[in-house]
Amino acid sequence: MSKFIFITGGVVSSLGKGITAASIGQILKSRGLKVFMQKFDPYINVDPGTMSPYQHGEVFVTADGAETDLDLGHYERFIDENLSKHSSVTTGKIYQAVIEKERKGLYNGATIQVIPHITNEIIDRLKKAAKTSNADIIITEIGGTVGDIESLPYLEAIRQARREFGYHKTLYIHNTLVPYLKAAKEIKTKPTQHSVSELKSLGIQPDILVLRSEQKISEEAKEKIARFSDLKRNKVFESLDVDVIYQLILSLKEQKIDEAILKHFRMNKIQEAKLNEWEVLVDKIRHLDKVVNIAIVGKYVQLHDAYLSVVESLNHAGFKHGVKVEINWVDAENVNNENVKEILSSSNGIIIPGGFGKRATEGKITAINYARINNIPMLGICYGMQLTLVEYARNVLGIKDAHTIEVNKNTSNPIFIKNIDNKKRLGAHTITLKENTKINNIYNTNNILERHRHRYFFNKKYEEIFLNDNNIVLSAYSQNNDILEAVELKEHKFFVAVQYHPEFISRPLKPHPLFLSFIESIIK
Ligand code: GLN
């Protein structure tokens, strides 16, 4: 049976609880254990698919097609495992499931209450994660901060989980802030004390504390924290601000957090952690000698988290090539023919990321045109590919009002249209790459598996016109040959646009081939 680690946060949000959870996941994985991760989000949306990227950052898509919180992206990148819809639980989902059961009469007329119905449904999600993943360890991060009204049912559920699964099969890790007061030149343990008391008042005695701090925490302070938390000193760990996030994996390992965890679970005879690759990576990141500047021409650029996986993928490719990637955040809404050169000329490459709706599309098309004409490496992603074809149709093929019906329903030349069942295409699908194309060369294989999230599709009526052009290549299709998946230009340094989201599968130790090749085209 799986063992469960629950990660809660105290004092403030944005502590890096997700990164702590994911780092622990990687350490345990490197000890040969199968790890699965899960996030419980206290908001009432059923999923983040419809939430504004301004509020919530990127929507991460799992291989099985769930639209999830961006934390799942961190988890996948850190533990290098594909997660699933069972990894993403929201209050909206829980209530939806309970209400559906109630409507079907499955509760036999009972009065539906938070305890036990909602809490049981939450516990069910733990069991489902265990059952479907077959993992040795399930790590569940509870979103929000202890003390929030919204997270109470989750805390109650994980409290009950110990009663149900047993003491040695459940472990509570509490992540708190230990602030440093500059004026007093002191770190303060009181907020942690309050947070631990709050957690205890809900019936949860943490087994491990991870203390987030800007400054080193003295032995004496750790001892004090351990005492008021009823913990042995060796159950108290620190997570100091790091220059490279992956350093946290190494630092928690150095403090032997895995020993504390495995001891609690009574799991011995587990192989030693092998983290050399991460050590090499962290060292490499600290010594990147060149810089490349990449423009991300998007619509939600004020909140950088809206493009989190794209930025991470660029970084991964940069690490491999020994270059630091700097981002030129370009608000596509402000881009026009007059200023495009000024805005983009300082960048070595251009990314046109995914997006939705009408706003800022003309600016993106202008940027694509600039990249195409000036031989600037460009990678178009999802909406980026759709607009790449619109730009080409208009400016090269002479179809002046070419557009996607997402922007102009009445265009007489709809290059992108909806599919018949009007459903969003989500999750991983197999794609066949045309032989002897750049993309075929980049992947060095004929069939690939990539994740999708789109509602509009290339209109095959226009295929012939594109095929007759001798520079643009329609270079990849879905397995059944129905859906156009990628285009490229023959005569260009790097001009590739794809219908899928390569950024969702790039990993720090396994950079994605498209991003690798994009960066390579810039530095060679
Ligand atoms: N808005 C486009 C569509 O729905 C592209 C989506 C995206 O870029 N993720 O097809």
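From a predicted model like this one, the values you see are computed outputs, not experimental measurements. Both counts, for ligands and for their atoms, begin at 1 and track the order of listing.
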| Is any side-chain heavy atom of L126 closer than 4.5 Å to a side-chain heavy atom of F6? | yes
| Short N/O distance, under 3.5 Å, between Y456 and ligand 1? | yes
| message | To check your reading of the model: name the closest protein heavy atom to atom 5 (C) of ligand 1, its residue, and the distance in Å. | response | G355 O, 3.3 Å
| remark: min-distance protein heavy atom vs atom 4 (O) of ligand 1 -> R455 N, 3.0 Å
| query | Taking the six-membered ring for Trp, are Y300 and Y54 parallel (under 30°), tilted (30 to 60°) or perpendicular (over 60°)? | reply | perpendicular
| Under 30°, 30 to 60°, or over 60°: which ring-plane class applies to Y246 and F319, parallel, tilted or perpendicular? | perpendicular
| task | May I ask you to decide if N293's main-chain N or O and N348's side chain share a donor-acceptor pair within less than 3.5 Å? | result | yes
| How close does the nearest protein non-hydrogen atom get to atom 9 (N) of ligand 1, and which residue and atom is it? | R453 O, 3.0 Å
| query | Between F495 and H492, what is the ring plane arrangement, given parallel below 30°, perpendicular above 60°, and tilted in between? | reply | tilted
| message | How far is atom 7 (C) of ligand 1 from the closest protein heavy atom, and which atom is that? | response | C382 SG, 3.0 Å
| request: Report, in ascending order of atom number, the atoms of ligand 1 lying under 4.0 Å from any heavy atom of G354. | output: 8 (O)
| query | Looking at atom 2 (C) of ligand 1, what's its closest protein heavy atom, distance included? | reply | E406 OE1, 3.2 Å
| Hey, is K424 one of the residues with a heavy atom under 4.0 angstrom from ligand 1? | no
| message | If you take the centroid of each ring, where Trp contributes its six-membered ring, are F60 and F504 closer together than 6.0 Å? | response | yes
| field | ligand 1-proximal atoms of H501, by part, heavy-atom distance under 4.0 Å | value | side chain
| query | Under 3.5 Å, is there a donor-acceptor pair between the N413 and D401 side chains? | reply | yes
